[in-house]
Amino acid sequence: MKKPIESKINIILIIVLCLLIVFLVIQGVLKGCSGNNLRPESQYRVYATPDYATIDQVLARVTEPTSDIETATTEETTKKKTEKLAESKSEKSTTKNSKSATEPKDKKKEATTEPTTQEENLYYATVMTMETRATLEEQWDEGYIVAIDYPDKTYKTFHIELTEDDRDVLEHLCMGEYGSGGFIGVALIAQCVKDAMCFDGYETVEDVRVNCNYDASLDNTPTQEVKDAVSYIFDYDQAAVQHRLMYMYNPYIVYSAFHESQNYILSYGDVRFFDRWGY
């Protein structure tokens with residue numbers, strides 16, 4: 001009686017092993033296909049501002065001139081940029097009440113330019129050339145952490161005052177989504193959240209997290225780097241890149257045809273960031 005039972009067990013084990021092998025092979029094929037389906041422009045580089053590792057270095061870049069010009073002009077430029085940041089920060093208390101009365105719809109029209117061409121490569125970050133170097137420097141000097149060859153010069157948002165709950169959720173969300181991306185990676189995620197609030201009218205970070213399908217765990221401890229990046233985007237009213245960001249995902253975790261159908265803006269590390277077409 002034992003031999004037939006052992007024989008059946010062996011047959012079952014062999015079948016299970018075969019199924020496992022088939023599953024692993026299929027997974028490998030699908031992963032290879034998703035990698036091949038990525039657009040060739042995914043290999044293009046973007047240009048992070050040199051030495052952007054902490055908020056102090058970022059603010060120093062914004063408030064200090066980077067080229068040799070006449071002393072009077074230098075002092076005037078520096079003064080204007082410093083006053084702009086100070087004014088932005090001081091307005092936080094006065095904008096809290098007016099924020100809810102401001103209709104995102106009006107701001108959206110002001111901040112968005114509908115694409116006039118279907119040549120999507122006009123929006124891709126491309127390899128830096130001497131002809132575009134000045135433009136990149138200009139973006140960095142204006143406070144954008146990542147420069148792209150074709151920024152949206154019309155891009156702007158309005159101030160959003162974070163409540164304590166909003167800040168707590170956002171810091172944990174950014175840590176969970178892309179804490180490994182450092183100051184720059186987190187700033188890009190924070191901009192996605194802010195753009196969703198400004199352009200789609202979400203009132204809280206939790207609304208964005210739920211409705212925009214951010215599924216990273218909040219069970220983490222945000223680093224100081226994460227807190228600084230969130231502060232840079234919201235408290236200082238800055239942006240990681242001069243373009244609206246509405247979607248992000250990591251194609252090396254799961255391939256998304258929806259994301260790849262949107263307006264690709266840039267990649268940072270393994271994460272790809274998109275705007276949507278039109279409004």
Side-chain angles (χ1 to χ4, degrees), residues 34-35 37-55 57-58 61-62 120-128 132-133 135-152 155 157 170-171 173-196 208 212-216 220 222-234 236 238-256 258-260 262-276:
S34 65
N37 285 333
L38 291 181
R39 300 176 182 176
E41 57 271 17
S42 65
Q43 301 303 316
Y44 291 158
R45 296 178 299 171
V46 294
Y47 321 104
T49 307
D51 301 325
Y52 267 19
T54 68
I55 192 169
Q57 290 172 328
V58 175
R61 176 78 188 195
V62 177
E120 299 177 17
N121 61 330
L122 291 179
Y123 294 87
Y124 298 151
T126 54
V127 178
M128 181 166 60
T132 60
R133 187 181 298 274
T135 302
L136 302 179
E137 289 289 344
E138 181 180 70
Q139 292 172 68
W140 291 330
D141 290 342
E142 290 178 2
Y144 298 103
I145 304 174
V146 177
I148 55 178
D149 284 345
Y150 297 96
D152 179 2
Y155 171 76
T157 57
L170 181 57
E171 288 175 351
L173 176 63
C174 288
M175 184 69 188
E177 288 289 350
Y178 203 14
S180 61
F183 184 93
I184 297 173
V186 171
L188 287 164
I189 300 296
Q191 181 179 334
C192 286
V193 174
K194 185 177 181 181
D195 284 348
V208 176
C212 296
N213 299 317
Y214 286 93
D215 55 5
N220 55 58
T223 63
Q224 187 59 47
E225 200 169 39
V226 169
K227 295 179 180 180
D228 287 345
V230 167
S231 177
Y232 187 68
I233 300 300
F234 281 83
Y236 288 92
Q238 297 291 331
V241 64
Q242 194 174 17
H243 207 294
R244 186 177 68 172
L245 300 179
M246 301 303 293
Y247 311 109
M248 49 73 62
Y249 91 114
N250 187 336
Y252 297 97
I253 294 178
V254 58
Y255 177 77
S256 170
F258 166 77
H259 285 83
E260 294 301 330
Q262 302 304 306
N263 184 7
Y264 171 73
I265 305 302
L266 62 93
S267 294
Y268 187 74
D270 291 341
V271 181
R272 287 165 67 82
F273 295 86
F274 303 80
D275 189 5
R276 59 170 169 253

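Q242 places no side-chain N or O within 3.5 Å of a backbone atom of Y144 that could act as its donor or acceptor partner. Between the side chain of D195 and the main chain of L245, a donor-acceptor pair closer than 3.5 Å is present. Checking side-chain atoms of Q139 against main-chain N and O of V241 turns up no donor-acceptor pair under 3.5 Å. Judged by distance alone, the side chain of E171 and the main-chain N or O of P222 form no donor-acceptor pair under 3.5 Å.
One finds the OH atom of Y255 at 13.5 Å from the CG atom of N250 (value rounded to the nearest 0.5 Å). Here the CD atom belonging to Q224 is positioned 9.5 Å from the OG atom belonging to S231, to the nearest 0.5 angstrom.
The aromatic rings of F258 and Y247 stand perpendicular to each other, their planes meeting at an angle above 60°, with 30° marking the opposite boundary. Relative orientation of the Y178 and Y268 rings is perpendicular, given thresholds of 30° and 60° on the angle between their planes.
Y232 has its side chain out of reach of Q191: every pair of non-hydrogen atoms, C-beta onward, lies at least 4.5 Å apart. Under the 4.5 Å side-chain criterion, counting only non-hydrogen atoms from C-beta, I148 is in contact with H243. Side-chain atoms of Y155 and R244, non-hydrogen and from C-beta on, do get closer than 4.5 Å to each other. Counting heavy atoms from C-beta on, the side chains of D275 and D152 never come closer than 4.5 Å.
Applying the side-chain contact (heavy atoms from CB on, under 4.5 Å) criterion to T223, with sequence neighbours excluded, gives M175, E225, V226.
K194 pairs in a side chain to side chain contact (heavy atoms under 4.5 Å, CB included) with only one of the listed residues (L170, T157, V208), which is T157. Among the candidates E177, R272, E260, the single residue satisfying the side chain to side chain donor-acceptor pair (under 3.5 Å) test with Y249 is E260.
Between A216 and L173, the closest heavy-atom pair is CB-O, 4.5 Å. Listed here is the closest heavy atom pair of A190 and I233: CB-CG1, 3.9 Å. Nearest approach of V146 to W140, heavy atoms of both residues: C-NE1, 4.3 Å. Shown here for G179 and V186, the closest heavy-atom pair between the two residues is CA-CG2, 4.2 Å.
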Q: Quick one: do I189 and F273 satisfy side chain to side chain contact (heavy atoms under 4.5 Å, CB included)? Show the steps, please.
A: CA-CA 9 Å; I189 300 296; F273 295 86; 3.9 Å; yes

